[in-house]
Amino acid sequence: MPDALTTSEANHAVLVETEIQAVNEDVNEVHPLTISLCTWYAKCRRDLPWRKTRDPYPIWLSEVILQQTRVDQGLAYWERFLEEFPRVEDLARADSERVMKLWQGLGYYSRARNVHKAAQAVAAAGGRFPSCASELCDLPGVGPYTAAAVASICYNEPVAAVDGNVIRVVSRLLDLELPVDRAPGRGAIEGLAQAMVDRNDPGTSNQAMMELGAMVCSPKAPKCSDCPVASGCLAAARGTALERPVKHTRTRVENVHFTFALHLHPSGDQVWMERRPAGGIWGELWSLPFTETPDEPQKNGLEAKSWGPFKHELSHRRITASCHLSEQGVEGASGRWVDFEDVGEYALHRLMERMWEQIGPEIAGKR
DNA sequence: AACCCGGGGAT
DNA sequence: ATCCCAGGGTT
């Protein structure tokens, strides 16, 4: 560290000082960085449909859909859900299979099950959502982030909504060297995030932080020259933005092989499908039955037909799949015979969709 | 605290 | 090829 602070570092010290005073003395004081941030947000924010309402139902639905999911991918799902279920009561009494089908392709399918359960809880309470963040947290699938987002946007509750974007923004503002996925680092992030909440309009300042992370303070190519809070950013001053946030956990990818079995009904126009158990991979989605094998299974040469390999990448697994026509009997209460032309009506995982795209026409054409 | 859960786009 | 996303639940 140089003896003299750079201008940006001096600025930063002043801003942190201001933040402490704001908390201790005047709850109506707005953090200077927040003022710059919200001015930028008012001008540059994306025109997203869930920003046109403060009704907790569509807001909550958007927040859950957008967990670990990009706007471009989630937007169409949000629209389809609201078109089919305009009110939370409509979602509550929907058929579970239909909810899963609407969620198909979005991933993290426990979100769909929890969305359904939470809607039923809200409907049972007269259609009113819990009215503060701590009570929102009691809903299935609603954690600290989603509760804070809904409470700040819908109820003006001054609580920071700290998601991946905010973690990145704040870790750069502070040039935080502590890992953000450990308690001390996380605490430092929460501290500044909470201090930057505009108590007069917490929903706006929260969304401005997230918008900044999404549009300017991006992971790989941050646009510091366009950033409204660059003057208060230590990482920008030191040129360490690309090194933030520091993370302790490393995602390790495991190679696995899934062997799928294609059982054909003697009638010649049905296939055996199974519903995946909740909790595991692709929980409650429909699939051809499969087993996980450590390596590529050796072909025995006796099989009538096989397909693949299909490659499927998940965040933590690299799946190589093959599908084999099976002559063995089927077992298990979780399955049923499905007409070839009805397979597409079921909620399928992505790999199943892609396999069926190849297998379906081939076996249907052989009849 | 560690681990699990999908999918896809940006780089 | 790598990273990581508008996280939450379970153990």
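The structure presented is a predicted model; accordingly, all values stated were derived computationally and were not measured. So you know, we letter chains A, B, ... as the sequences are listed, proteins then strands, and number each from 1.
Counted by atom type alone, S96(A) and H116(A) present zero donor-acceptor pairs between their side chains at under 3.5 Å. R111(A) and N114(A) form no side-chain donor-acceptor contact under 3.5 Å, judged by distance and modelled atom types alone.
For dA2(B), one of the phosphate oxygens OP1 or OP2 lies less than 4.0 angstrom from a side-chain nitrogen or oxygen of R182(A). For dG6(B), the OP1/OP2 oxygens have no side-chain nitrogen or oxygen of H349(A) closer than 4.0 Å. Taking only side-chain nitrogens and oxygens, T146(A) never comes nearer than 4.0 Å to OP1 or OP2 of dA6(C). At least one side-chain nitrogen or oxygen of Q68(A) sits closer than 4.0 Å to the OP1 or OP2 atom of dG7(C). Considering only side-chain N and O atoms, W78(A) lies nowhere under 4.0 angstrom from the phosphate OP1 or OP2 of dA6(C). Look at Y109(A) and you'll find a side-chain N or O under 4.0 angstrom from OP1 or OP2 of dG7(B).
dG6(B) atom C1' lies 6 Å from atom OH of Y108(A), rounded to whole Å. In this entry the distance linking CG of L106(A) with P of dC5(B) reads 17 Å, nearest Å. Atom CZ in R111(A) sits about 10 Å away from atom P in dG6(B), given to the nearest Å. Note: CD1 (I167(A)) to P (dC5(C)) measures 8 Å, nearest angstrom. Atom CG in D72(A) sits about 22 Å away from atom P in dG6(B), given to the nearest Å. Atom C1' of nucleotide dG8(B) and atom CH2 of W103(A) are separated by 15 Å, given to the nearest angstrom. Between the P atom of dC4(C) and the CD atom of E243(A) lies a distance of 13 Å, rounded to the nearest Å. With rounding to whole Å, F258(A) atom CZ is found 12 Å from dC5(B) atom C1'.
Taking atom P on both nucleotides, dG6(B) is separated from dT10(C) by 14 Å, rounded to a whole Å. dA6(C) and dC4(B) are spaced 24 Å apart, taking the P atom of each and rounding to whole Å.
Residue contacts shown for I65(A) are absent, as no nucleic acid heavy atom lies under 4.0 Å away. Among the protein residues, I319(A) comes within range of no part of the nucleic acid, since none of its heavy atoms lies under 4.0 Å from any strand. G213(A) comes within 4.0 angstrom of no nucleic acid atom, judged by non-hydrogen atoms across all strands. Counting non-hydrogen atoms under 4.0 angstrom, V64(A) reaches nothing in the nucleic acid. Note on G74(A): nothing from the nucleic acid sits closer than 4.0 angstrom, heavy atoms only. At the heavy-atom level, W60(A) lies nowhere under 4.0 Å from the strands shown.
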Assess whether salt bridge (charged side-chain N to carboxylate O under 4.0 Å, His left out) is satisfied between E211(A) and R51(A), documenting all intermediate values.
-> CA-CA 12 Å; E211(A) 188 80 346; R51(A) 289 179 173 166; 2.8 Å; yes
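Looking at R244(A), its side chain does come within 3.5 Å of a backbone N or O of L176(A) through a donor-acceptor pair.
Closest contact between the side chain of R168(A) and the listed nucleotides dC5(C), dG6(B), dG7(C) involves dC5(C). In the set dC5(B), dA6(C), dT2(C), the nucleotide with an atom closest to the side chain of I281(A) is dC5(B). Considering only side-chain atoms of P219(A), the nucleotide from dG7(B), dG8(C), dC4(C) that sits closest is dC4(C). For R70(A), counting side-chain heavy atoms from C-beta on, the closest listed nucleotide (dT2(C), dC4(C), dG6(B)) is dC4(C). Comparing dG6(B), dG9(C), dG7(B) by their nearest atom to the side chain of N114(A) picks out dG9(C). For Q73(A), the listed nucleotide lying nearest its side chain is dG8(B); candidates were dG8(B), dC5(C), dA6(C). Between dG7(C), dA6(C), dG8(B), one nucleotide has an atom nearer to the side chain of R350(A) than all others, and that is dG8(B).
Relative to the six-membered ring of W307(A), K305(A) meets both conditions, a distance below 6.0 Å and an angle of at most 45° to the axis.
Each of R318(A) and S62(A) has a nearest nucleotide on DNA chain C; the 5'-most of these lies closest to R318(A). For the pair K220(A) and T69(A), nearest-nucleotide mapping onto DNA chain B gives the more 5' position to T69(A). Positionally, the nearest nucleotide of DNA chain B for A183(A) lies more toward the 5' end than for the other of A183(A) and L314(A).
Below the 3.5 angstrom threshold, one finds no donor paired with an acceptor across the side chain of R46(A) and the base of dA6(C).
Using the six-membered ring where Trp is involved, H349(A) and F290(A) have ring planes that are perpendicular, over 60° apart on the 30 and 60° scheme.
Partner of H31(A) under the side-chain contact (heavy atoms from CB on, under 4.5 Å) criterion, out of L192(A), D198(A), L37(A): L192(A) alone.
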